[in-house]
2 protein chains.
Amino acid sequence: MKASTILLRELAELAPLFDQLRADGLRRRQLTLPRRRLLMFLHHEGPLRSSDLAQRLAITPRAVTALVDGLVVTGYAERRPDPTDRRAMFVELTDSGTAICVDMQNSFDNFASQLFAGIDTNELDATVQTITTIRRNLEQLLVA
Amino acid sequence: MKASTILLRELAELAPLFDQLRADGLRRRQLTLPRRRLLMFLHHEGPLRSSDLAQRLAITPRAVTALVDGLVVTGYAERRPDPTDRRAMFVELTDSGTAICVDMQNSFDNFASQLFAGIDTNELDATVQTITTIRRNLEQLLVA
DNA sequence: ACACATAGTGTAGGGTATTCACTAATGAAG
DNA sequence: CTTCATTAGTGAATACCCTACACTATGTGT
């Protein structure tokens with residue numbers, strides 16, 4: 001069996017299992033996976049316009065509206081009009097949204113350490129390189 | 001930044017992008033991602049009872065029922081009573097279900113080759129090892 | 001025989017996503 | 001300065017995934 005086939009299958013199967021393991025923490029924080037994804041995106045990138053979020057997350061603008069609605073209800077994010085374009089809205093984290101992101105980042109780090117315990121450091125570094133390359137390839141394919 | 005943190009983040013972000021790229025092929029085949037996942041699982045493992053599917057896919061039995069319902073409608077899978085336990089149902093692929101799996105496996109292989117082009121073979125092998133280990137760790141954590 | 005556990009599904013409800021249609025605002029051309 | 005096409009965001013309708021809970025039918029152990 002080709003290595004590429006196995007790798008892709010492993011990566012594809014990894015995600016749903018991984019998601020399952022995070023379900024509890026998400027529920028505890030009144031979050032869902034897509035909402036968490038958007039939240040952490042804002043945490044890393046700063047305030048963004050809805051249309052930019054749609055592009056970066058590779059979902060429709062309508063889906064962004066729905067996700068942001070949910071985050072607004074729980075008080076993790078806010079909409080702010082774009083002063084340079086009265087049609088557009090910026091989405092930004094509230095203080096509690098930022099706090100929850102910091103908190104989740106810590107949990108994430110702990111979980112990562114635990115999950116990768118027993119894997120050689122060099123091996124881990126090499127894997128990071130490869131996976132990063134693959135993600136960039138994917139993003140390229142999505143643009144095209 | 002720790003390698004483990006980066007790797008976990010990359011893996012988490014890889015999945016939704018990856019899913020997006022497969023959306024077209026799935027629509028063309030009248031499938032969704034979770035239904036495809038169940039279908040390929042049967043393709044690789046053979047007929048399974050609903051409860052076993054729930055366990056292996058890490059979803060609730062009720063979710064399995066719903067997914068199988070969808071696959072029955074499109075004619076890709078069938079239910080067959082377990083002769084040794086009248087409560088239980090086996091789920092198995094139909095001929096057209098098997099055909100679609102073979103077809104998808106080919107597309108999958110082609111896509112994999114394309115996606116990993118330019119990545120060193122040894123590097124790829126090493127990554128497969130690492131990721132496989134990680135998936136096994138994950139499955140262990142889910143059982144616990 | 002009885003209590004208890006297990007297998008699968010109906011019901012109800014929340015969440016993610018899409019498509020299409022619509023409003024408001026922008027921007028480019030005459 | 002008007003059209004006129006385009007863009008930003010959202011309402012409406014729809015499909016799907018998933019969960020929790022309740023229920024029926026069946027199996028299991030004492």
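The figures here come from the full heavy-atom set of this structure, side chains too, leaving out hydrogens, waters and symmetry mates. Here is the naming used below: chain letters follow the sequence lines, and residue numbers restart at 1 for every chain.
- Side chain of B:Ser96 to main chain of B:Gly75: a donor-acceptor pair is present (N/O by atom type, distance under 3.5 Å, no hydrogens or angles).
- Phosphate proximity of C:dT16 to A:Thr32: present, with a side-chain N or O under 4.0 Å from OP1 or OP2.
- Across A:Leu124 and B:Ala3, no two heavy atoms sit closer than the pair CD2-CB, 4.3 Å.
- Under 4.0 angstrom from either OP1 or OP2 of C:dG8 there lies at least one side-chain N or O belonging to B:Ser51.
- Protein atom CD of B:Gln55 is 13 Å distant from nucleotide atom C1' of C:dT6, rounded to whole Å.
- Of the residues in residues 60-90 of chain B, those with a non-hydrogen atom less than 4.0 angstrom from any atom of DNA chain D are B:Thr60, B:Arg62, B:Ala63, B:Leu67, B:Asp85, B:Arg86, B:Arg87.
- Atom C1' of nucleotide D:dG9 and atom CZ of A:Arg49 are separated by 10 Å, given to the nearest angstrom.
- A straight line from CD1 of A:Ile59 to C1' of C:dT16 spans 9 Å, rounded to a whole angstrom.
- Nucleotide C:dT9 holds its C1' atom 15 Å from the CG atom of B:Leu53, rounded to whole Å.
- What separates CG of A:Asp19 from P of D:dC17 is a distance of 15 Å, to the nearest Å.
- Summarising the geometry, the separation between CG on A:Leu26 and P on C:dT16 is reported as 11 Å, rounded to the nearest angstrom.
- Across the protein-nucleic acid pair, A:Gln30 atom CD and C:dG15 atom C1' stand 14 Å apart, rounded to whole Å.
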Handout entry: Residue pair A:Gln129, A:Asp125: steps toward the side chain to side chain donor-acceptor pair (under 3.5 Å) verdict
Key = CA-CA 6 Å; A:Gln129 288 301 316; A:Asp125 287 339; over 6 Å; no
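- Relative orientation of the B:Phe18 and B:Phe108 rings is perpendicular, given thresholds of 30° and 60° on the angle between their planes.
- Between A:Leu33 atom CG and C:dG14 atom C1' the separation is 15 Å, expressed in whole Å.
- Side-chain contact check for A:Ser107 and A:Arg28: no donor-acceptor pair (N or O, by modelled atom type) lies under 3.5 Å.
- B:Arg9 places none of its side-chain heavy atoms less than 4.5 Å from the side chain of A:Met40.
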